Amino acid sequence: MLRPGVPFTGIKIFSATMVAEREALGTRITEWMAKNPNLEVTEICVTQSSDSSFHCVTFTVFYRERP
């Protein structure tokens, strides 16, 4: 659940199903943050879903532009 009163102006979604892609998600998010220093992350929600064959991990990154 998002923190009440914390505004955001955008959302970026990172998602992966395969093991190697899931293991690389942290690096992908860190690289995206480094390339966008004008953005301030206000919240990150992690969601995991699966079926009988696959496990999917999704990071939903809420951000706002720095003044």
Side-chain angles (χ1 to χ4, degrees):
M1 172 126 186
L2 294 175
R3 292 174 289 163
V6 179
F8 61 93
T9 58
I11 298 171
K12 176 73 173 173
I13 299 193
F14 297 89
S15 184
T17 303
M18 305 306 283
V19 173
E21 293 172 343
R22 290 194 313 257
E23 291 175 349
L25 277 176
T27 301
R28 285 182 48 209
I29 294 168
T30 300
E31 288 172 353
W32 176 79
M33 291 173 66
K35 290 178 183 177
N36 293 283
N38 60 317
L39 303 179
E40 175 186 6
V41 173
T42 60
E43 191 83 25
I44 297 177
C45 294
V46 181
T47 307
Q48 189 252 330
S49 60
S50 60
D51 62 17
S52 61
S53 301
F54 296 100
H55 303 289
C56 181
V57 176
T58 302
F59 287 78
T60 305
V61 179
F62 297 83
Y63 62 86
R64 63 181 168 210
E65 292 188 30
R66 295 184 191 273

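Quick note: residue numbers are just sequence positions, from 1. Just so it is clear, the structure is predicted and the values come from calculations on it, not from any experiment.
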Residues 30-38 side chain polar contacts: donor-acceptor under 3.5 Å, at least two apart:
from : atom 1 : to  : atom 2 : distance (Å)
T30  : OG1    : G26 : O      : 2.9
N36  : ND2    : W32 : O      : 2.7

Inset, instruction - Could you list all the salt bridge (charged side-chain N to carboxylate O under 4.0 Å, His left out) pairs where at least one residue sits in residues 7-30, not counting sequence neighbours? - result: none

Inset, instruction - Any pair with a residue in residues 49-67 that passes side chain to side chain donor-acceptor pair (under 3.5 Å), sequence neighbours left out, goes on the list, sorted by first then second residue, please. - result: S15-T58, E40-R64

Legend entry - ILVMFWY network linking I44 to V57, side-chain heavy atoms under 4.5 angstrom: yes

Inset, instruction - Following the transitive rule for hydrophobic clusters with a side-chain heavy-atom cut-off under 4.5 Å over Ile, Leu, Val, Met, Phe, Trp and Tyr, establish whether L25 and F54 coincide in one cluster. - result: no

Inset, instruction - Could you identify which residues cluster with V19, counting Ile, Leu, Val, Met, Phe, Trp and Tyr as linked when any side-chain heavy atoms lie under 4.5 Å apart, either directly or through a chain of such contacts? - result: none

